[in-house]
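Accompanying notes for the structure given below.
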Amino acid sequence: MTHREPARLVVLISGTGRNLQALIDASTRGDLGAQIVKVISNRSAVAGLARAEAAGIATQTIDHRGFDTREAFDAALGDAIAAAAPDIVALAGFMRILTADFIRRFEGRLLNIHPSLLPKYRGLHTHRRALEAADRWHGASIHFVTEELDGGPVVLQGRIAVEPEDTEQTLARRVMEEVELLIYPAAVRWMAGGRLRLQDHLAWLDDTRLQTPVQWPLDDAAPDSVNP
Ligand code: NHR
Ligand code: GAR
């Protein structure tokens with residue numbers, strides 16, 4: 001796919017919008033290679049919408065409760081996204097499972113940040129599940145969104161050590177601050193630069209097919225193909 005500079009980015013949220021803020025900040029600094037053209041939430045009056053408005057970004061709320069079916073919600077959501085003509089659609093704490101038709105419409109442009117070391121802990125309550133399993137490591141992953149929930153190719157992943165005194169809350173906060181807020185701008189920058197793409201359901205970074213996700217922090221000694 002040819003890409004525009006700066007790339008057009010739409011962000012989907014449902015809540016607080018800390019990942020959205022990290023993308024806004026990177027974009028404002030000129031570090032993202034993308035301009036955020038619209039932020040869409042399925043919940044009204046959430047903090048993430050206020051963050052977007054404060055940055056002068058167009059916002060829209062599409063409340064899923066106003067639709068009879070997931071298909072109808074996704075059709076409306078899809079139309080609102082398509083109207084912004086995005087190159088990249090980033091799910092950032094977006095909490096609605098998307099239908100196959102929606103995924104097909106935007107296939108290859110959809111990224112998600114998920115708070116676990118995928119393939120561990122798809123779905124919800126990831127921090128609790130990592131604690132219950134007494135995992136030594138936990139973290140967050142960026143993946144292409146496909147029909148399979150949290151099952152698309154993982155492109156970038158960052159980990160932290162789980163501490164004995166960690167609770168669900170402390171773990172969630174450290175994953176957010178030490179991993180999520182750093183890795184999402186990096187992955188979007190790859191997409192915006194045309195370096196990261198989905199081909200035949202596989203993720204490619206430059207000329208390398210990613211057999212395993214790139215690990216954060218990015219290794220300066222690694223081949224150029226995996227550096228930002
Ligand atoms: N849709 C598809 N098709 N594929 C993915 O990989 C998706 C997706 C939609 C969202 C984000 C995901 C996450 O990062 C995501 C990935 C919501 C749920 C969920 O169970 C699960 C995973 C994710 C997001 N949502 C409930 C639902 O019925 C509602 C929960 C709520 O509103 O609080 O949609 O974790
Ligand atoms: C983040 O931890 C994100 O990874 C997670 O929700 C939080 C959103 O925070 N996403 C999911 O759990 C998706 N099901 P934010 O709104 O402050 O970025």
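Residue numbers start at 1 and run along the sequence shown. Each ligand, and each atom within it, is numbered from 1 in the order the structure gives.
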Verify the distance criterion only: is there a donor paired with an acceptor across the side chains of His127 and His138 at less than 3.5 Å?
yes
Residue, atom name and distance, where the atom is the protein heavy atom closest to atom 13 (C) of ligand 2
Met95 SD, 3.5 Å
At a 4.0 Å threshold, what atoms of ligand 2 neighbour a non-hydrogen atom of Pro115?
4 (O), 5 (C), 10 (N), 11 (C), 12 (O)
Atom 4 (O) of ligand 2: nearest protein contact (heavy atom, Å)
Glu180 OE1, 2.7 Å
Ignoring hydrogens and geometry, is there a side-chain-to-backbone donor-acceptor pair from Asp87 to Ala7 under 3.5 Å?
no
Looking only at heavy atoms of Ile13, does any of them come nearer than 4.0 Å to an atom of ligand 2?
no
Closest to atom 8 (C) of ligand 2 among protein heavy atoms sits Gly93 CA, 3.6 Å
Beyond-backbone contact of Ile81 with Phe102, side-chain heavy atoms, under 4.5 angstrom:
yes
For ligand 1, protein residues within the heavy-atom limit of under 4.0 Å are Arg43, Arg70, Leu91, Phe94, Met95, Arg96, Ile97, Leu98, Ile103, Asn112, Ile113, His114, Gly123, Leu124, His143, Val145, Thr146, Glu147, Glu148, Leu149, Asp150
Look only at the side chain of Arg8 and the backbone of Val37, and say whether a donor-acceptor pair between them is shorter than 3.5 Å.
no
List for me each residue that meets salt bridge (charged side-chain N to carboxylate O under 4.0 Å, His left out) alongside Asp166, sequence neighbours excluded, and say none if there are none.
Arg174
With sequence neighbours left out, which residue pairs that include part of residues 27-39 fulfil the salt bridge (charged side-chain N to carboxylate O under 4.0 Å, His left out) condition?
Arg29-Asp31
Sidechain N-carboxylate O distance under 4.0 Å for Arg195, Asp206:
yes
Aromatic ring pairing His143/His114, orientation class (parallel under 30°, perpendicular over 60°, tilted between)
perpendicular
Gly17 heavy atom under 4.0 Å from ligand 2:
yes
Any donor-acceptor N/O pair, Asp200 side chain to Leu202 backbone, under 3.5 Å
no
Counting non-hydrogen protein atoms only, what is the nearest one to atom 9 (O) of ligand 2? Give residue, atom name and distance.
Arg18 NH2, 3.4 Å
For ligand 2, which atoms, with element, lie under 4.0 Å from some heavy atom of Asn19?
1 (C), 18 (O)
Pairs flagged by salt bridge (charged side-chain N to carboxylate O under 4.0 Å, His left out) wherever residues 94-108 is involved - sequence neighbours left out:
Asp79-Arg105, Asp101-Arg104, Arg104-Glu147
